[in-house]
Amino acid sequence: MNASVALTCSREAGSVAVPKLGHVLDRIRELIGEQASLTREALECVHFLQQHCADQFQAEEQSPLIQEVADKAPWLGQQVTELTREHLALRRRLTSLCRSLERNQPLPRCWEEFAEEFSFFERQLSAHETAELDFWQGALVQEVG
């Protein structure tokens, strides 16, 4: 759509009218609706991720295998504690992502902030998963679990 809109003089009303203003207003409302729709969809995805991670973290924390490792290899207890602390940090980050979307929609700068926060969460989650994998490999090598 051409950004410049020619003004014309309406003889009947004696005022200046914008011929395609209705189309411009309609499109702006559509764009606002699309942004709101995208925000709702992103929020639903983050809520799903939040629930999935909560379930996974809870299963890991309550695993009898964790207790077995802690009993057989107390020297690994510090790693278990650290991994559990990371679960809490990841849960908090996801809660922050949800609040960010709920509070700031649909401003473009809010999307930029959300993208940065989400990217940080992804790196944090990836590092956590790597640490867990290293922990379990170490436990297996030491024939603990």
Side-chain angles (χ1 to χ4, degrees), residues 1-8 10 15-145:
M1 171 180 279
N2 189 345
S4 62
V5 178
L7 298 177
T8 60
S10 170
S15 63
V16 175
V18 180
K20 296 184 180 181
L21 184 59
H23 296 297
V24 173
L25 294 173
D26 288 342
R27 183 62 185 140
I28 291 170
R29 282 190 295 275
E30 285 175 21
L31 292 170
I32 291 170
E34 288 173 15
Q35 184 73 39
S37 176
L38 290 173
T39 301
R40 276 192 306 277
E41 184 177 348
L43 186 57
E44 288 171 7
C45 289
V46 174
H47 278 299
F48 176 83
L49 180 61
Q50 189 177 31
Q51 186 59 53
H52 176 78
C53 286
D55 293 345
Q56 180 66 33
F57 297 159
Q58 183 178 10
E60 290 172 6
E61 292 165 8
Q62 295 176 350
S63 168
L65 192 54
I66 287 286
Q67 189 58 46
E68 183 181 339
V69 168
D71 290 344
K72 289 183 178 179
W75 62 90
L76 293 175
Q78 181 61 34
Q79 283 181 282
V80 170
T81 300
E82 185 58 35
L83 290 169
T84 301
R85 264 193 230 128
E86 288 177 9
H87 288 171
L88 180 59
L90 290 163
R91 284 182 180 108
R92 286 181 177 158
R93 174 82 43 204
L94 282 169
T95 298
S96 174
L97 285 167
C98 288
R99 286 186 184 141
S100 176
L101 282 174
E102 292 166 342
R103 180 179 54 239
N104 294 320
Q105 58 188 332
L107 302 174
R109 79 171 154 56
C110 297
W111 278 103
E112 292 169 12
E113 291 169 9
F114 175 80
E116 288 176 21
E117 257 192 271
F118 185 73
S119 179
F120 181 77
F121 169 79
E122 283 184 296
R123 289 190 307 273
Q124 199 177 20
L125 181 62
S126 178
H128 173 77
E129 293 297 316
T130 299
E132 281 185 340
L133 183 61
D134 291 346
F135 169 80
W136 286 113
Q137 287 177 342
L140 287 172
V141 165
Q142 295 177 35
E143 297 181 7
V144 176

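Given the structure is predicted, the values throughout are model-derived calculations rather than measurements.
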Do Q51 and H47 have side-chain N/O donor and acceptor atoms under 3.5 Å apart?
-> no
Quick one: are E86 and E132 in side-chain contact, heavy atoms under 4.5 Å?
-> no
Look up atom CZ in F120 and atom CG in L125, then write down how far apart they are to the nearest 0.5 Å.
-> 11.5 Å
Does E122 offer a backbone N or O that forms a donor-acceptor pair with the side chain of S126 under 3.5 Å?
-> no
Cationic N near anionic O, under 4.0 Å, R85 to E82 = yes
When you look at CD of E41, are more than 12 heavy atoms from neighbouring residues, nucleotides or ligands closer to it than 6.0 Å?
-> no
Minimum heavy-atom separation for C98 to V46, with atom names?
-> SG-CG1, 3.4 Å
Is there a donor-acceptor pair under 3.5 Å between the side chain of S119 and the backbone N or O of A115?
-> no
Got L94 and C53 here, is their nearest side-chain heavy-atom distance under 4.5 Å?
-> yes
Strictly by modelled atom types, are E117 and S96 linked by a side-chain donor-acceptor pair under 3.5 Å?
-> yes
Plane angle bin for F57 and H87 - parallel if under 30°, tilted between 30 and 60°, otherwise perpendicular | parallel
Distance in Å, L43 CG paired with R99 CZ, rounded so as to fall on 0.5 Å steps = 12.5 Å
dist L88:CG -> L83:CG (nearest 0.5 Å) comes out at 13.0 Å
Side-chain touch Q50/T95, heavy atoms, less than 4.5 angstrom = yes
Validation row: L90, Q124 side chains within 4.5 angstrom (heavy atoms) = yes
Looking at SG of C45 and CG of L101, how far apart are the two atoms once the value is rounded to the nearest 0.5 Å?
-> 10.0 Å
When you measure from the side chain of T84 to the backbone N and O of V80, does any donor-acceptor pair fall under 3.5 Å?
-> yes
d(Q79 CD, W136 CH2) to nearest 0.5 Å is 10.5 Å
